[in-house]
Amino acid sequence: MKPSTISNTVKTNLLIIGGATILVALFFVSLFVGKFPLSLNEMLAGNQMHIKVFLTLRLSRAFVGVLGGFALGVAGFVYQTVFRNPLASPDIIGVASGASAGAALGILLLSGTFMVTACSFGGAVVAVLLALALASIDRTGKKSTVVLAGIAVHSLMQTVLMFLKLSADPERQLASIEYWIMGSLNGINSHIIGPNSIICVICLVALVLLHRQTLLLSADEGEARMLGVNVSVWRLVLLMISTVTVACIVSMTGLISFVGLIAPHCARKITGNNNIKTMLLGGIIGGCLLCGADILARSVASTELPVSIFTSLIGAPFLVVLLVRGRDRL
Amino acid sequence: MSLLSAKGISAGYGNRTVINDISFDIEAGELVGIVGSNGCGKTTLLKSVCNNLAHSGSCVIDDITVEKSSAKDIAAVCSYIPQKSGINIDISVLDVVLMGYNPHLGFLEYPNKDMKEKAMNVLQQVGLSGFEDRNFLSLSEGQKQLCVLARAIVSDCKVFLMDEPESALDFSVRYKILDFLKEMLEVNKKSALVTLHDISLALNYCDKLLLVNNGTVEAIAEPKKDDLSSLEEKLGKLFGKVSLREVADSKGKKSLVMIRES
């Protein structure tokens, strides 16, 4: 191996270790930020209130902040690589709006967190399938086709959402829908995170194990096929796993903007590569972003703010800079 | 026995037929060129042969009928090197080359240390030593083509299908690469089917030339066996009246040069 390879490998490894350290630090900070002044001494002294808040609310919330950001970063990495488009993300290709419409349907017609989560998941899957079906109509293989299909699906899902909002009871259901859409980790508690977290972790493990297949799809369709890849099958498998990953998170938190877009971008800009380490670094950056944004959402104002305000505040300028500089080709 | 045998290949796009009823064989160790004007169907033929484009007829590569085989089985016997790689996302040169091992790996398997070392050696052979850690997107078009060639070489398949490999390479590199390819084919008893625009390269490197015109093979020329007048007659069907001259370099190595008659 050449010295340059070693130094770059070491550099990337150090970045992963550094990022993971920051993520762990943010996790611990997140445990002690919030309206209720949680004290370590009180917990050690056996104060039941403090222990209950810690175990039921704070631990779950900090865990979902880390896991959710990591999952959105990794899923964004897969979306961008599979679609061969640096602007592809769960937000842009309509998955997130599909999840919103699904959640709204769940809030209107069914009851219980589990059903809302299940409907949100179903909405996300329908959206990605619709986007793929629309994109397959154009056989030229243009890179912009999927994004355009995603925009169409996004608009369609927004229309469905609007219709559902109009049908909602303004006092109760509409507020729930709006709150869900704003995206917050406020409602997270230990009673609801179990199944979603387990499925999400399984999907993440699968995505990490299948990263070689993801990488092969970064070649165009014909080229990937000639490398021995069953393109349509693997594209569907990887997108479905990514969609399930995203659906697991957004069905618990509501919409989280920009994390899935900018986290893998940052990772690629830092490593100059698109391999497994870039995927992991994208996940770590996503985790830091969501966990950090959640800490700010809980601490900058007297009332808690939606977490997407802070992920968007960081994400939107980044996207503008990206487009203006034109480094990434559409 | 032929390493590649194509029988009655016809293909096109939509309702437009681009190539019609083309048949040919390639023996082990042979470098076969496809020559013809722009739009005559060279790339269409190349894509059909490896089943990368819907077609009628049949093609057998190393005992595998491509029309009945999976993408992975086809990739294990033939490597396609496109005119331009479609990779458009940041990825290291080494990772691009390692993609070539995919036909030999299970879906949860990864390239091992030996494979990585071989990939580094092949990068050195194609003149990209020290580039393994570079971003593929930062390479020139010629370097990208060399990187994709390295990917094809590590896949260790029997037949190479190359679409205008010389198009993005400068004068000296195209000769170097074709010398390297020719030697590799002869030593390892592999074959290559190559579309070429540069007729001098085609005449001096290829064992056989498929002269394609309007989607059909007008003639098959064998530059090392056919006499000059016969070659001129065959090439004339594609390019009009032409003359061939044999010229020697300072070391006495002879090459054929084609001149268009006024």
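Treat the numbers as computed from the prediction; the structure is a model and nothing was measured. The analysis underlying the following values was restricted to heavy atoms, covering all of them including side chains, and did not include hydrogens, waters or symmetry mates.
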* Per-residue contact mode, B:Pro82 against chain A (heavy atom under 4.5 angstrom) -> side chain
* Decide yes or no for B:Leu3 and B:Ile26: does some side-chain heavy atom of the first lie under 4.5 Å from some side-chain heavy atom of the second? => no
* Leading residue by heavy atom contact count with chain A [cutoff under 4.5 Å; candidates B:Val96, B:Ile87, B:Leu98, B:Asn102] -> B:Asn102
* Evaluate the side-chain proximity of A:Ile256 to A:Leu290: yes if any heavy-atom separation is below 4.5 Å, no if none is. => yes
* Just how far is it from atom SG of B:Cys147 to atom CG of B:Leu123, taken to the nearest 0.5 Å? -> 6.0 Å
* Asked: Checking B:Asp90 side chain against A:Asn274 main chain: does a donor-acceptor pair fall under 3.5 Å?
  -> no
* For the candidates B:Ile89, B:Leu105, B:Asn135, B:Leu161, which exhibits the highest count of non-hydrogen atom pairs separated by less than 4.5 Å from chain A? -> B:Ile89
* With only heavy atoms counted, which part of B:Arg134 is less than 4.5 Å from chain A, the side chain, the backbone, both or neither? -> neither
* To do: Report yes or no: does A:Arg84 contribute a side-chain atom to a donor-acceptor pair with the main-chain N or O of B:Gly86 at less than 3.5 Å?
  => yes
* Please flag which part of A:Val233 lies under 4.5 Å from any non-hydrogen atom of chain B: side chain, backbone, both or neither. => neither
* Answer whether the closest heavy-atom distance between the side chains of A:Thr214 and A:Val82 falls below 4.5 Å. => yes
* **Note, A:Leu210 side chain near B:Leu108 side chain (heavy atom, < 4.5 Å)** => yes
* A:Asp220: partners by salt bridge (Lys or Arg N to Asp or Glu O under 4.0 Å), with sequence neighbours left out -> none
* To do: Please examine the side chains of B:Leu139 and B:Phe131, heavy atoms only from C-beta on, and report whether any two atoms are closer than 4.5 Å.
  => yes
* Under 4.5 Å between any side-chain heavy atoms of A:Tyr79 and A:Leu261, yes or no? -> no
* chain B: which of A:Asn230, A:Val229, A:Thr271, A:Val231 shares the most heavy-atom pairs with it under 4.5 Å? -> A:Val229
* Heavy atoms, side chains only, cut-off 4.5 Å: are B:Val126 and B:Arg151 in contact? -> no
* **Among B:Ser155, B:Ser92, B:Cys157, B:Pro103, residue most engaged with chain A (heavy-atom pairs, under 4.5 Å)** => B:Ser92
* Asked: So which bits of residues 66-81 of chain B come within less than 4.5 Å of chain A, counting non-hydrogen atoms only?
  -> B:Ala71, B:Lys72, B:Ile74, B:Ala75, B:Cys78, B:Tyr80
* For this output row, return yes or no: ring centroids of B:Tyr110 and A:His211 closer than 6.0 angstrom. => yes
* Distance-minimising heavy-atom pair for A:Leu238 and A:Gln213 -> CD1-C, 4.0 Å
* **Minimum side-chain heavy-atom gap B:Asp62-B:Val159 below 4.5 Å** => no
* Shortest non-hydrogen contact from B:Gln145 to B:Asp163? -> NE2-O, 4.1 Å
* With chain B, which of A:Gln80, A:Arg212, A:Glu221, A:Arg225 has the greatest number of heavy-atom pairs at distances under 4.5 Å? -> A:Arg212
* **Distance in Å, B:Phe160 CZ paired with B:Leu185 CG, rounded so as to fall on 0.5 Å steps** => 7.0 Å
* Using non-hydrogen atoms and a limit below 4.5 Å, what part of residues 35-54 of chain B faces chain A? -> B:Cys50, B:Asn52
* Is a side-chain N or O of B:Lys208 found less than 3.5 angstrom from the main chain of B:Asp25, in a donor-acceptor match? -> yes
* Asked: For B:Glu109, is it the side chain, the backbone, both, or neither that has a heavy atom closer than 4.5 Å to a heavy atom of chain A?
  -> backbone
* Structure fact -> Ordered numerically, the heavy-atom neighbours of chain B under 4.5 Å found in residues 276-288 of chain A are none
